[in-house]
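Scroll down for the structure; my scribbles are underneath it.
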Number of protein chains: 2
Amino acid sequence: MESFGPAQLVLTASIARRYYVDGRSKVEIADEFRLSRFKVARLLDQARSSGLVRIEISHPGAIDLELSVQLQEALGLRRAIVVDTPEVDEPALRTQLGKAAADLLSEIVTAEDVLGLAWARAVTAMTEQLTTLAPVPVVQLTGALTRPDVEANSVELVRHTARLSGGPAYLFYAPLVVPDAATARALRQQPEVAEAISHFDSVSKAVVGLGSWAAGQSTLYDAMDEKACEQLEKRGVVADISGVFVDADGEPVQSRVTDRVIAINAEQMDKIDEVIAIPYGLAKVAAVRAAVRSGLVNGIVTHAPLAKALLNETN
Amino acid sequence: MESFGPAQLVLTASIARRYYVDGRSKVEIADEFRLSRFKVARLLDQARSSGLVRIEISHPGAIDLELSVQLQEALGLRRAIVVDTPEVDEPALRTQLGKAAADLLSEIVTAEDVLGLAWARAVTAMTEQLTTLAPVPVVQLTGALTRPDVEANSVELVRHTARLSGGPAYLFYAPLVVPDAATARALRQQPEVAEAISHFDSVSKAVVGLGSWAAGQSTLYDAMDEKACEQLEKRGVVADISGVFVDADGEPVQSRVTDRVIAINAEQMDKIDEVIAIPYGLAKVAAVRAAVRSGLVNGIVTHAPLAKALLNETN
DNA sequence: AGCCTCCCCGCTCATATGAGCACCATCGGA
DNA sequence: TCCGATGGTGCTCATATGAGCGGGGAGGCT
């Protein structure tokens, strides 16, 4: 069965060519070669199972489709886009991912959607690459974190996107995290904040940030007091999804710290149909896995090395 | 039409994977992805036409299937085997081609066949590589040419093959070319020669030599007197197929020289169902083309460079 | 030889598939 | 505003295809 003569081999190749390349039907091929269509079918089966015909899925672009599909299926994601880019410096990488995410967003957002945007550098990178967007309401999902290295803040991000889209913007000026729960409560009652929050339930698609709960791996971590960080770490927090903390099992972690965050909460995020994150860097493997396990994040735009790491470690 | 969003792209890739790699049906895929089967079909069409799925035919062996099929179709051959071997020295090449031809012969010769063998170095190389053969009569098609560089002659070649096969051998001792027609006539009436010739009509498969009509490109040319060579050349002879001379259009050339050759003639060869030649070397391009055009030769075992040359020059 | 087993072949019939068509939404121009 | 063009969708129906079956030939064993 495993060894064929050369005539058989060439015949099979010939038929495979006719079938796959020329796209003729098996009946036609059978007539041409004076074989029964069953024989043709068997030869084609044989050709495939013996590896004589190899089918590759690829395309001339930045997206590694093979990896994308694998990642999507392995993690059970609604969407996965893997950008095939050599490991360049972080800003360039963010731009690349931002472009891919922007393309994705333009494509999947329709006029019926309500778009939610959280604060994250990757999300900023995305909005910078965004050129067209259906006219939809854009809702700010988190308070702003002002960092010296980022000029745009959460507010600008939302405003810019809404302007591009032509839809209304629901935005507010407030920090992402405040020193105590009472302040947070007060802020949440501010009219603009309250209005934005009131729209959380109608958000149908969102782009969020995704941080690994460690120094330098989450802007929120870096912005928070050490005590709070440690407390959350002790509770098993592995990832923060734009202010929603989850542990390695994907369970949202409640804590006093949670109350100090001005952002969408786990329950609200869970109701959003599509939540897309744009993680990069191998340090985020565990965070991504946790976020996906939580079910909160169901779409990912990332780069090849992280995608491969996610696939490899998937036990 | 030519630009898709990444989501579309990944969806298409996903479907292509399911269809081509996993082998699921379009209906199943449609159910899985909540699409109509028509949509799935259209996406798959799109994927193929846009080059997203690429189908390659290859295999881990010495035979270049792609080239073989192309050659077969371009020249309208019954069989074409192209051995993919780096341009090595001639004897090694002959061995390689001999092996391929031997495999081919073992495969296609059945007990109902009658095998004809002409004299040629390549045919000798083939018989040396032959290990199994259905029990068939083996008929010597040409007289022998004794050359200092070849130990086996036409007779040995036939005897060896017949022994391997287990069938009867029809062989004779006579030179391939004699000084005059009268001698040839006399030789043809010798009992063994006459008997072999009487079997020419029943030969169903034959392996022949193929020479380009020029010095060093045909053992027959080299063995003949200069005058005869020139005369044939003047008549437009481009190739000799084991003693049958053909011009560039593939027309057999009759001449007084023809009568001096002890070998199968054009008419008899034309009746043979499969006639296989084993040409090699780029100098033989024109000869191969003539031989194929004549319709006398309908199977070829060769190497990649010659195959490519034949394909390129095919206007 | 006689028997058995395996394998190869081509059949039937249910199902999958493709070609062509009609419908509908969208969009640009009169 | 209306109209025609356009493209995308899913239908029908004829055709292609796959699963499973039985016949028969080749080869091995007793």
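Computed over heavy atoms, backbone and side chain alike; hydrogens, waters and symmetry mates excluded. Every chain is numbered from 1 and lettered A, B, ... according to where its sequence line falls, protein lines coming before strand lines.
Out of D/dT17, C/dA16, D/dA19, the shortest distance to the side chain of B/V27 is found at C/dA16. Candidate nucleotides D/dT9, C/dA19, D/dA19 were compared by shortest atom distance to the side chain of A/F38, and D/dA19 ranks first. The A/R37 side chain lies nearest to D/dT17 when the options are D/dT17, C/dG10, C/dT17. Of the candidate nucleotides C/dG18, D/dG10, D/dT17, C/dG18 has the atom lying nearest to any side-chain atom of B/A41.
Nucleotide C/dT15 holds its P atom 14 Å from the CG atom of B/D31, rounded to whole Å. Following rounding to the nearest Å, B/Q46 (CD) and C/dG18 (P) show an atom-to-atom distance of 15 Å.
Of the possible polar contacts, none joining the A/S165 side chain to the A/T161 backbone as a donor-acceptor pair under 3.5 Å is found.
Checking the phosphate oxygens (OP1, OP2) of C/dT15, no side-chain nitrogen or oxygen of B/S25 falls inside 4.0 Å. Between A/K26 and D/dA16 there is no side-chain N or O to OP1 or OP2 distance below 4.0 Å.
Side-chain contact between A/H303 and A/Q96 is absent, with no heavy-atom pair separated by less than 4.5 Å. Between A/L115 and A/L105, the closest side-chain pair of non-hydrogen atoms falls below 4.5 Å.
For a distance-only test at 3.5 Å, the side chain of B/R42 qualifies as a donor-acceptor partner of the base of D/dG10.
Residue A/A304 comes nearest to A/D84 through the heavy atom pair CB-OD1, 4.0 Å, listed as atom of the first residue, atom of the second, then distance.
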